[in-house]
Amino acid sequence: MAIMNKQITIGSVSGNDEIRPGYVLMTIHVHRSFPEPRPGQFVMIRIAGLQEPFLSRPLSIFSFSRGRSHGLVKLLYRVAGKGTQILAGLIRGSQVEIVGPLGKGYTVDPSRENRVLIAGGIGVAPLSLLAQHLCRLSGRGANPAVVYLGAKTADELVGLDQLHKYCNSIRVCTDDGSLGEKSLVTRTFQKDMKKHDPARTSIYACGPKPMLQSLAGILKDRYFCQVSLEERMACGVGACMGCAVAVRDENGDKTYRRVCADGPVFDLQKVIWE
Amino acid sequence: MVVEIAGLKLKNPVMTASGTFGCGEEYAGYVDLNRLGGIVVKGLSLKPRLGNPPPRIMETAGGMLNAVGLQNIGVDAFIEEKLPFLRTYDVAVIANIYGESCAEYAQVARKLSAAPGVHALEVNVSCPNVKKGGLSFGADPKAAAEVTKRVKAETHLPVIVKLTPNVTDITVIARAVEEAGADAVSLINTLTGMSIDLKTRTPHLKNITGGLSGPAIKPVALRMVWQAAQKVTIPVIGMGGIMTAEDALEFMVAGAKAVQVGTANFINPLATSEIVQGMRQYVKHHKLKNITEIVGTLKV
């Protein structure tokens with residue numbers, strides 16, 4: 001028999017601010033007992049009692065802290081459709097139902113002390129929590145990670161302030177050059193690649209599919225690289241098989257894995273880009 | 001709250017619908033599985049199935065479309081890897097089975113009948129998302145009867161046949177499988193539907209079409225359960241958009257002896273246990289001896 005230790009958390013929205021056009025940072029007060037999320041994990045969130053939108057939305061955990069009286073979950077999300085649009089309209093004090101933290105997060109190998117984070121657009125969300133985690137691990141003075149942060153335009157570049165709290169080595173780039181270098185984030189990384197010795201480097205990435213696919217081509221199988229994937233989900237706990245992603249199994253054969261329960265973090269080289 | 005379906009005793013009339021509850025493990029941290037009437041596991045085929053390419057799901061008004069395509073680990077892996085976990089619970093386990101041919105249905109049925117811890121079979125002749133088998137059996141009374149006969153010949157377990165709503169008259173199929181020896185029917189499976197992205201003019205699902213579930217289909221499901229219950233003498237198990245105890249009770253009034261809860265699990269992992277709780281309160285409030293007293297009591 002399984003231990004019954006999972007529950008639905010009722011949270012209270014204490015902030016839901018559009019920090020950039022189409023990008024919203026939601027802060028949610030939860031009970032003190034909310035489980036500590038691992039970087040890369042997500043929550044399923046819905047508006048309490050409401051049937052529209054019908055399904056919960058999977059959102060990466062951007063930051064988490066625990067105070068004396070409550071926990072604070074922060075979700076950074078892009079308004080991409082009807083569901084996130086309704087979430088973006090929530091006012092202070094709104095009640096939300098949260099299932100999570102869910103999924104498998106990034107794995108941190110202590111022996112690979114050179115950590116590289118590559119974020120594209122809203123993909124910065126799970127990597128921020130990872131930066132926070134790495135910062136705690138590496139202690140004062142040490143640089144927990146080298147960050148490559150990219151977006152289409154300066155307007156869409158989010159999460160930089162948060163990353164600055166943890167990392168001092170951040171390379172910023174935009175597709176149109178409106179902030180930082182005018183380049184794709186993968187290309188900026190590629191130019192730097194020689195600095196990162198494959199034997200002692202872990203790369204963690206999150207971003208749009210074309211970015212991750214191009215990263216797969218750049219890295220081949222020389223580097224340890226984990227990516228966090230996104231897919232439409234219904235249940236978030238592994239039951240509905242809706243969020244399938246094609247990957248290579250142990251024998252190299254194609255199979256479908258669940259982004260929610262087997263991921264959302266996968267080894268980059270195992271992912272099949274269809 | 002106890003109900004009996006073809007010799008199968010359920011603690012209460014609430015089961016999980018196939019494909020919405022995995023093999024129990026996914027929800028065991030949220031729900032006490034011992035409190036459920038039954039667990040209907042994800043559809044099992046003879047060999048593992050890869051399933052359909054993504055995207056597989058899309059939200060629609062009051063529900064969702066899915067085209068998972070019966071991705072499953074296969075009957076042998078189920079018996080070896082999943083069944084031992086379910087055996088640690090005191091709950092009826094109903095194995096949902098699928099085949100591409102009558103012979104495959106029969107083989108899967110035989111394997112499961114020999115496995116300790118399976119209490120009944122639910123024959124899926126109604127999946128809209130696979131090319132072979134599935135719906136092609138469920139939409140034709142002769143084929144549905146043939147599958148039923150073949151499965152019955154292989155098992156001592158109660159056989160439930162799960163019907164599709166994607167037919168002109170569901171009662172014709174219900175009667176055909178009853179005559180072929182089915183011990184119960186369960187209905188409805190999902191309604192075939194589709195959803196289009198206007199921006200790109202492409203279907204939201206890679207499979208183009210998918211099965212619609214959720215509260216949007218409840219009125220259709222209620223109507224079909226009511227119609228079928230009048231035409232067959234074997235028990236009818238009702239499902240389709242049940243979100244609350246009230247929904248479940250409506251199905252029972254329409255003629256269902258038991259119910260299955262599906263899509264509700266996705267948005268509320270505690271849906272099944274909350275529905276059981278709500279039914280208990282109804283029994284108490286209306287001073288019923290047993291919940292079955294309301295079955296088929298629709299006043300028309």
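Heavy atoms only: backbone and side chains are in, while hydrogens, waters and symmetry mates are out. In what follows, chains carry the letters A, B, and so on, assigned in the order in which the sequence lines appear, proteins first and then strands, with residues in each chain numbered from 1.
With a 4.5 Å cut-off on non-hydrogen atoms, F21(B) touches chain A through its backbone but not through its side chain. For E274(A), the part lying under 4.5 angstrom from a heavy atom of chain B is the side chain only. With a threshold of 4.5 angstrom between heavy atoms, P48(B) does not approach chain A through any atom at all. For N34(B), the part lying near chain A is the side chain, with the backbone staying farther off; criterion is any non-hydrogen pair under 4.5 Å. Residue K82(A) does not touch chain B at all, counting heavy-atom pairs closer than 4.5 Å. Residue L102(A) touches chain B through its side chain alone, counting heavy-atom pairs closer than 4.5 Å. A234(A) touches chain B through backbone and side chain together, each having a heavy atom under 4.5 Å away. Residue contact with chain A, scored on non-hydrogen atoms closer than 4.5 Å, involves the backbone and the side chain of M58(B) alike. Contact annotation for L55(A): both backbone and side-chain heavy atoms come within less than 4.5 Å of a heavy atom of chain B. For V237(A), the parts lying near chain B are the backbone and the side chain together; criterion is any non-hydrogen pair under 4.5 Å.
Side chain to side chain, E122(B) and S18(B) fail the donor-acceptor criterion of an N or O pair below 3.5 Å. If you check the side chains of E36(A) and Q41(A), you find no donor sitting under 3.5 Å from an acceptor. Between the side chains of Q260(B) and T16(B), no donor N or O sits under 3.5 Å from an acceptor N or O. Side chain to side chain, R248(A) and Q269(A) fail the donor-acceptor criterion of an N or O pair below 3.5 Å.
Heavy atoms from other residues, nucleotides or ligands lying under 6.0 Å from NZ of K270(A) number 12 at most.
Note that R56(B) lies in the cation-pi zone of Y256(A), set by a 6.0 Å cut-off to the ring centre and a 45° limit from the axis.
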Under the ring pair (Phe, Tyr, Trp, His ring centres under 6.0 Å) criterion, do F34(A) and F64(A) qualify, and how do the steps go?
CA-CA 10 Å; F34(A) 191 84; F64(A) 177 76; 5.8 Å; yes
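Ion pairing of E26(B) with R258(A) is present here, as a side-chain N (NZ or NE/NH1/NH2) and a carboxylate O approach within less than 4.0 Å.
In terms of heavy-atom pairs under 4.5 angstrom with chain A, the leader among G51(B), G63(B), P55(B) is G63(B).
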